[in-house]
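Step one of this worksheet: look at the structure below.
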Amino acid sequence: MLVGAPLQDVAADEAALPAGNPFATPSTLPYRLPPFDRIGNDDYAPAFAAGMAQQRAEMAAIAGNPAPATFDNTLVAMERSGRLLDRVGLVFFNLASSDTNPAIQKLEEQLAPQLAAHRDAILLDPKLFARVDALYRQRDKLGLNAEQVRLIERQHISFVRAGARLAPERKNRLRKLNARIAGLETQYEQRLLAASNAGALVVDDRAQLAGMDAGAIAAAAEAAKARGLSGKYVIALQNTSGQPALTDLTRRDLRQRLLAASLRRGWQAGATDERGLITRIARLRAERARLLGYPSHAAYALEDATARTPAAVNAMLAQLAPPAVANARREAADLQRAIDAEGGGFKLAAADWAHYAEKVRTQRYAFDESQMRPYFEMRHVLEDGVFYAATRLYGITFKRRTDLPVYHPDVQVYEVFDAAGSPLGLFMADYYARPSKRGGAWMNNYVDQSHLLGTRPVVVNNLNVPKPPAGQPTLLSFDEVNTAFHEFGHALHGLFSDVTYPLLSGTNVPRDFVEYPSQVNEMWATWPEVLAHYARHYQTGAPMPQALVDKVLAAQKFNQGYATTEYLAAALLDQAWHQIGPAQVPQAAQAEAFEHAALQRAGVAFDPVPPRYRSTYFAHIFGGGYAAGYYSYIWSEVLDADSVDWFRRHGGLRRENGDAFRNKLLSKGGSVDAMTLFRDFYGAAPDIKPLLERRGLGAASDT
Ligand SMILES: [Zn+2]
């Protein structure tokens, strides 16, 4: 039911967790790695029920404590609460993303409203808030250290933003909205996975795949086999509008079929229709924002980000959109010339972009993507590239562990050691795509670092690399290499966390800040010493020829008009859905017209460049996490470009530089205000110029 779960039911289950349940006690494995080999589908529901009951009881004890509120008996006690719920929740939601199944999906849908209600039961408890509020008011007079004061401030903001100050009847309305939104977001995610799987392109005949390399064709045959379609070929859909195969496919009709399948995801009536869900989610979020006293969900969400207001976000996007689209139009003209030169006789369309961009790139820089792949074998990229850069910068080392249980045979586990050889944490690499994994790439924690709880971090990176048939090497595209470095930047943020309180640990920072360290880490993918170390031919071991390296580097600004425009279009769509009041949210049948009008209005409606995500498959914003926050990537890129500049000015890949970044910024997690951390590291306020230059949007590049 999509209403607040009756909390008495949860309490009744309190004593129901059998001792044999793998979540009943903390894991005894190294780093408290979850005992994946002992976890079954039936273990989650009782552990969640008991975990919620346990935390409710703990919070009730804190709220009902007759002694006056102190930092220890309130804030610290809250931080210590909910251990069981944490253990089961981290495993469950990680696996719901990376290796789901029908049982997990069903439970996920049941749990979403229950967990929203659980959170509300804590954050809307007037007695608990009174204690937090009392401490907040005297926080400077309690003799606390900076992290402790920060904990009070962050916890206080969580309560206020969750509605702790609302009148009781408004709190009731809020509880219902939260539960309904959580349920709908889960339905949206599950339907999207179904839509993406259903949209995969089935090709009967190998000849149609002309242009694809042998490895990709083998992967497509393998994917078909996995779906019971032996003898055929399946091109699975990636999350984004653009699909990697569009680069290679020479048959225009097949490119058009593939792009259409991608762009149509979730728009068609039937079991995978997302239109009703996205409009309901947008409307309910807008209603909730009104209830909390904000004109829109964006106003509410941005207040707690470094951007602060929709106006600030709009100003930045408006500054970037016109030059980006102008760039894309210039690039389109180049592509049209390439089409005309080969007597194509058609007008450039979105399905042609990647294919002809690749041709122009090949002509202009005299190399194509497929020449690079043999130098990007997956394991080499990870161990001799991603890890190597981290060793050079931070002195950390990695040891593969094959003795620990994993949730899927494709997962690789590494133990990470600090420079002095002391243990730091565990890193799990889950790089392959599979139908049970949602699209995209992401980092997450299985265990959060905290001195209070005595825990070291266990982090995972998920990618979606197509798995080659057994015995074949996994050769990455340059994009995938970059993604591996990006996600490892998040992993470092988690691994280097050195804080006391779990609420402030690792990547618990504003979401328009969290992408910044990961983007900085991308710079090492093409750093000459790093590239030379990992880019070796998978058969001969020969380094990538310098001429090819030079071309790769020269080509980095290529196609930036397209990349920036497709990104900005998605970011603007996100704002369009979330900067409106409930009455302005369209009905499901008008969702497509709404999307179109939003792109037109923002000046980014340019048919050959569809938004990176269309509304129906925009999981960042409708699955939760990044609602009104997709702008974060380019917002953080300002800080990223400045920091890349800083590293360059200070000699690049050096221990001193890595240590400065780690000590001043990465290790602090959310224990210090985000922009203060940036200024401590960078030594100045952010400057937008390096970003404009990188994206080819500056005045200088307009010539
Ligand atoms: Zn990221």
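Positions are given from 1, in the same order as the sequence printed here. Just follow the structure's listing: the first ligand is 1, and inside any ligand the first atom is 1. Only this structure's heavy atoms are used, side chains among them; waters, hydrogens and symmetry mates stay out. The model shown is predicted, which means the values in this text are computed figures rather than measured ones.
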Are [X] and [Y] within salt-bridge range, i.e. N to O under 4.0 Å?
| X | Y | result |
| --- | --- | --- |
| R456 | E415 | no |
| K437 | D430 | yes |
| R150 | E147 | no |

Distance-minimising heavy-atom pair for E515 and Y633:
CD-CE2, 3.3 Å

Have a look around the Zn ion (ligand 1) and list protein N/O/S atoms under 2.8 Å, or say none.
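Under 2.8 Å from the Zn ion (ligand 1) - ignoring waters, which are not counted - the protein N, O or S atoms are H486 NE2, H490 NE2, E515 OE1.
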
Would you please say whether a donor-acceptor pair under 3.5 Å links the side chains of D512 and Y631?
yes

Set of side chain to side chain contact (heavy atoms under 4.5 Å, CB included) partners for E566, sequence neighbours left out
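E566 satisfies side chain to side chain contact (heavy atoms under 4.5 Å, CB included) with Y562, V609, R612 only.
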
